[in-house]
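All remarks here apply to the structure that follows.
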Amino acid sequence: MTQIISPVKGTRDFYPEDMAIRNWIYGKMREVSQLFGYVEFDGPFLERIDLYAAKSGEELVKEQAFVFPDRGGDLITLRPELTPSLARMIAEKQKQLVFPQRWWSFGPFWRYERPQKGRTREFFQWNVDMLGSDTPESDAELIAVCATFFKKVGLSPDQVMIFINSRELMDSVLKKLEIQPDLKMAVFRLIDRKDKLSFQQWQEFALSLGLTQNQFEGLKVVLNDKNLWMESKDLALIMEILERMDLGNYVTFDPQIIRGLDYYTGVVFEARDMDREGRAILGGGHYGNLVGDVGGELLPGVGFAMGDVMLRFVLEKYNCLPEFDNTSAKVLVTVFDATLYPDSLVIANILRNAEIPTILVSENQKLQKQFKYADRIGVPIVLVLGPEEKNNNIVTVKNLKTRQQENVLFENLVTSIKDQLA
RNA sequence: GUGCCUGUAGCUCAACGGCAGAGCGCUUCACUGUGGAUGAAGAGGUUGAGGGUUCGAAACCGUCCAGGCACCCCA
């Protein structure tokens with residue numbers, strides 16, 4: 001074999017069996033999106049780097065974007081996330097849109113990172129956003145969309161869980177502990193890393209930030225308080241709504257959920273595998289003003305993004321994926337020999353005209369091989385048209401699944417096959 | 001960007017520094033108008049690449065390439 005050019009690092013080849021999975025996932029996303037009344041949209045895959053400079057944060061732009069100059073010298077980037085494009089699209093039509101808008105999208109994104117479990121450089125994301133609403137009810141709706149999706153694909157609350165928190169609640173907690181406002185982001189980071197460090201390391205990190213021993217002890221107590229959410233009116237209402245929707249078992253309060261993106265101002269949430277394997281399956285939250293930085297007027301909203309890589313990982317782990325056929329064909333028409341090829345061609349045409357997906361054998365092979373081929377690619381019905389059949393105006397129809405074989409008159413062929421496929 | 005692990009037949013993997021193997025798959029036959037079962041035979045390899053150490057390297061050493069995992073950050 002001559003040398004194969006290696007694929008770009010962090011990309012994936014979608015063989016037909018992978019494409020079947022991707023399309024199945026896409027179908028479930030569409031189904032759930034539409035069930036809640038959301039409409040599909042998409043932005044460009046290429047954007048100016050400036051779009052992301054505004055809000056996405058230094059790291060994402062400098063370290064993680066695929067950037068290249070176009071022929072005019074402008075810096076173009078493969079989109080690393082959808083939200084800034086969404087914000088621009090909304091801002092451009094803000095005056096003519098009726099709010100709230102419920103939008104969803106599924107498409108490719110790129111981030112220049114080292115690939116690992118649940119993370120590639122090229123990935124797909126399901127984005128769902130409600131724009132122009134500022135209520136806990138709308139936050140609850142987005143979380144309900146996530147939970148409904150899990151339910152639809154067969155993931156149970158034993159397997160995946162949505163963890164929610166509120167940045168407002170955490171703000172008030174920090175205030176009560178008299179932690180200086182300029183330490184806020186650093187403390188959020190500290191909270192985020194609690195599980196990644198040993199207790200010793202975590203404590204040292206905390207004190208090195210400038211927290212007093214008292215503040216540190218107070219933080220510890222708060223993070224262990226499973227009922228802290230009751231102090232937040234919004235979280236309490238969201239939990240109540242999800243209970244009423246019979247989705248409450250998918251949702252748990254977790255004071256350690258903070259989320260990295262700066263534009264979240266209210267409720268934040270993410271979903272994880274219950275074994276804590278891999279990364280978050282989805283992440284989202286409430287933003288106080290999405291479009292301000294791209295020139296629009298104040299517009300709050302709530303949304304989330306789900307990556308296809310972790311999702312596929314958990315779907316495979318918990319056996320949620322159905323079996324997919326290796327072929328789209330339902331019938332294979334054999335060719336007895338070269339002289340009978342025109343007759344087989346006629347049969348194949350009749351079937352295709354009747355909307356039955358049909359493969360006509362294109363190689364000059366023994367019947368045995370043709371049957372074996374049909375079996376290997378998973379075609380359920382095989383037709384044989386030999387000299388005997390031709391003389392009697394019949395076709396031999398063999399069902400490989402039931403192993404039954406029968407002779408069918410020409411004129412009954414389509415209905416007979418449709419019966420078998422039903 | 002930092003660290004760790006891996007690379008052997010189409011696939012999954014064995015082989016103490018001493019003849020490169022197994023299972024599955026593939027091809028052919030038993031079965032010349034019928035797949036999936038069974039039996040028999042067969043094909044398939046520059047051990048990721050190119051160097052070094054050694055009487056001798058798939059194995060040991062360093063370089064490169066590719067992949068995986070963790071950190072960072074995030075879906």
Side-chain angles (χ1 to χ4, degrees), chain A residues 1 3-13 25 29 56-65 79-83 105-128 146 189 192-193 196-197 201 257-262 264 268-273 277-285 303-314 332 334-337 340 361 365-390 395-407:
Chain A
M1 198 186 298
Q3 206 170 349
I4 296 174
I5 308 245
S6 57
V8 175
K9 192 184 191 70
T11 61
R12 291 167 293 167
D13 291 330
I25 287 172
M29 288 170 173
S56 298
E58 293 278 297
E59 176 87 19
L60 196 63
V61 177
K62 277 192 189 159
E63 308 290 337
Q64 300 184 355
R79 61 180 187 181
E81 60 163 333
L82 187 63
T83 307
S105 182
F106 180 75
F109 296 87
W110 295 265
R111 286 186 198 173
Y112 197 88
E113 298 182 281
R114 288 280 283 267
Q116 56 186 271
K117 185 184 288 188
R119 186 166 82 188
T120 56
R121 286 183 175 179
E122 180 178 68
F123 56 95
F124 286 77
Q125 246 185 16
W126 181 34
N127 280 266
V128 185
C146 297
R189 245 180 84 72
D192 196 45
R193 298 186 66 182
K196 289 190 175 170
L197 302 172
Q201 288 171 316
I257 301 298
I258 293 294
R259 306 301 309 160
L261 295 171
D262 294 346
Y264 293 132
V268 286
F269 54 94
E270 66 183 41
R272 301 194 68 104
D273 174 25
E277 210 177 334
R279 326 206 57 76
I281 302 162
L282 65 86
F304 70 86
M306 179 188 288
D308 74 310
V309 184
M310 264 312 290
L311 177 67
R312 178 169 166 178
F313 177 82
V314 294
L332 180 138
T334 60
V335 176
F336 192 83
D337 59 34
L340 285 167
V361 170
Q365 285 180 326
K366 284 191 209 168
L367 217 45
Q368 187 185 31
K369 285 233 178 177
Q370 299 184 37
F371 268 85
K372 184 159 186 155
Y373 177 76
D375 184 50
R376 292 297 302 274
I377 66 173
V379 182
I381 293 173
V382 175
L383 304 191
V384 178
L385 184 74
E388 284 179 33
E389 285 88 348
K390 192 180 178 185
V395 179
T396 298
V397 177
K398 177 155 185 182
N399 187 319
L400 297 191
K401 298 254 154 67
T402 63
R403 304 179 199 185
Q404 303 284 317
Q405 176 169 317
E406 57 181 342
N407 294 327

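The chains referred to below are lettered A, B, ... by the order of the sequence lines, with proteins before strands, and numbering in each begins at 1. Only this structure's heavy atoms are used, side chains among them; waters, hydrogens and symmetry mates stay out.
In this entry the distance linking CG of A/Asp308 with P of B/C74 reads 19 Å, nearest Å. Between A/Glu113 atom CD and B/U2 atom C1' the separation is 15 Å, expressed in whole Å. Rounded to whole angstrom, the span from the CD atom of A/Gln365 across to the C1' atom of B/G33 amounts to 15 Å. If you take CD1 of A/Ile257 and C1' of B/C74, they are 13 Å apart, rounded to a whole angstrom. Rounded to whole Å, atom P of B/G36 lies 15 Å from atom CD1 of A/Ile377. The CH2 atom of A/Trp126 sits 22 Å away from the P atom of B/C74 (whole-angstrom rounding). What separates NZ of A/Lys390 from P of B/G33 is a distance of 18 Å, to the nearest Å. Atom CG in A/Asn399 sits about 15 Å away from atom P in B/G35, given to the nearest Å.
Side-chain contact check for A/Lys398 versus A/Val384: every heavy-atom pair is 4.5 Å or farther apart. Between A/Phe106 and A/Gln125, every side-chain heavy-atom pair lies at or beyond the 4.5 Å cut-off. Using a 4.5 Å cut-off on side-chain heavy atoms (C-beta onward), A/Met310 and A/Arg272 make no contact. When side chains are defined from C-beta on, A/Thr334 counts as touching A/Leu332, because their heavy atoms get closer than 4.5 Å.
Taking every heavy atom of both residues into account, A/Pro108 and A/Phe124 meet most closely at N-CD2, 3.7 Å. Nearest heavy atoms, A/Val395 versus A/Leu385: CG2-CD1, 4.1 Å. Minimum heavy-atom separation, A/Phe109 to A/Leu82: CE2-N, 3.4 Å. The minimum heavy-atom distance between A/Tyr264 and A/Gly285, with the atom names listed, is CE2-N, 3.3 Å. When all heavy atoms are compared, the tightest approach of A/Tyr112 to A/Ala65 is CB-O, 4.3 Å.
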Would you tabulate the pairs of protein nitrogen or oxygen atoms and nucleotide nitrogen or oxygen atoms of nucleotides 3-6 of chain B closer than 3.5 angstrom?
| unit_1 | atom_1 | unit_2 | atom_2 | d |
| --- | --- | --- | --- | --- |
| B/G3 | O6 | A/Arg114 | NH2 | 3.0 |

Polar atom pairs between nucleotides 27-31 of chain B and protein, under 3.5 Å, N or O only, would you list them?
| unit_1 | atom_1 | unit_2 | atom_2 | d |
| --- | --- | --- | --- | --- |
| B/U28 | OP1 | A/Lys369 | NZ | 2.9 |

Report, one pair per line, the protein and nucleotides 43-45 of chain B atoms (nitrogen or oxygen only) whose separation is under 3.5 Å.
none

Could you please spell out the steps behind the side chain to side chain contact (heavy atoms under 4.5 Å, CB included) verdict for A/Ile258 and A/Val268? CA-CA 7 Å; A/Ile258 293 294; A/Val268 286; 5.8 Å; no

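The residue A/Phe304 sits apart from the nucleic acid: no heavy atom pair falls under 4.0 Å. When heavy atoms are screened at a 4.0 angstrom cut-off, A/Arg193 is found touching the sugar-phosphate backbone but no base atom. When heavy atoms are screened at a 4.0 angstrom cut-off, A/Glu270 is found touching no nucleic acid atom at all. Within the nucleic acid shown, A/Lys398 comes within 4.0 Å of at least one base atom, counting heavy atoms only. Residue A/Ile281 is classed as a sugar-phosphate contact, given heavy-atom separations below 4.0 Å to backbone atoms only. A/Ala374 comes within 4.0 angstrom of nothing in the nucleic acid, heavy atoms only. Among the atoms of the strands shown, none is found under 4.0 Å from any heavy atom of A/Gln370.
Without hydrogens or angle criteria, A/Arg312 side chain to A/Gly307 main chain gives no donor-acceptor distance under 3.5 Å.
Considering only side-chain N and O atoms, A/Lys196 lies nowhere under 4.0 angstrom from the phosphate OP1 or OP2 of B/A70. Side-chain nitrogen and oxygen atoms of A/Gln116 include none within less than 4.0 Å of the OP1 or OP2 phosphate oxygen of B/G68.
Among residues two or more places apart in sequence or in another chain, the side-chain contact (heavy atoms from CB on, under 4.5 Å) test is passed with A/Asn407 by A/Ile394, A/Thr396. Evaluation of the side-chain contact (heavy atoms from CB on, under 4.5 Å) rule for A/Thr120 yields A/Arg12, A/Phe123, A/Val309 as partners, not counting sequence neighbours. Applying the side-chain contact (heavy atoms from CB on, under 4.5 Å) rule to A/Phe336 yields the partners A/Leu340, A/Leu367, A/Pro387; only residues at least two apart in sequence or on another chain are considered. Listed by chain and number, the residues in a side-chain hydrogen bond (donor to acceptor under 3.5 Å, both in side chains) with A/Gln370 amount to none (sequence neighbours excluded). With sequence neighbours excluded, the residues that form a salt bridge (Lys or Arg N to Asp or Glu O under 4.0 Å) with A/Lys117 are A/Glu277. Not a single side-chain contact (heavy atoms from CB on, under 4.5 Å) links A/Ser6 to another residue, sequence neighbours left out. Considering only residues two or more places apart in sequence or on other chains, A/Glu113 meets the side-chain hydrogen bond (donor to acceptor under 3.5 Å, both in side chains) condition with A/Gln64, A/Arg119.
Rounded to a whole angstrom, the distance from the C1' atom of B/C16 to that of B/A59 is 10 Å. As rounded to the nearest Å, B/A14 and B/G45 have C1' atoms that lie 15 Å from one another. Remark: the separation of the P atoms in B/U63 and B/C69 is 24 Å, to the nearest Å. Across B/A20 and B/C74, the matching C1' atoms stand 45 Å from one another, rounded to whole Å. Nucleotides B/G42 and B/U47 are separated by 23 Å at their C1' atoms, to the nearest Å. Nucleotides B/C71 and B/A22 have their P atoms positioned 42 Å apart, rounded to a whole Å. Across B/A37 and B/G33, the matching P atoms stand 22 Å from one another, rounded to whole Å. Look at the C1' atom in both B/U8 and B/C13: the space between them is 9 Å, to the nearest Å.
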Intra- and inter-strand pairing of RNA chain B, written as dot-bracket with Watson-Crick and G-U pairs under 3.5 Å and | for the latter, reads (((((((..((((....[..)))).(((((.......))))).....((.((..]....)).)))))))))....

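For A/Arg111, the listed nucleotide lying nearest its side chain is B/C74; candidates were B/G36, B/C74, B/C72. Nearest nucleotide to the A/Asp375 side chain, out of B/U34, B/A66, B/G35: B/G35. Comparing B/G68, B/C71, B/U34 against the side chain of A/Phe371 picks out B/U34 as the nearest. Ranking B/G36, B/C72, B/G33 by closeness to the A/Thr396 side chain, first place goes to B/G33.
The base of B/G33 lies close enough to the side chain of A/Glu389 for a donor and an acceptor atom to sit less than 3.5 Å apart.
RNA chain B lies under 4.0 Å from at least one heavy atom of each of the following residues of residues 378-385 of chain A: A/Val384.
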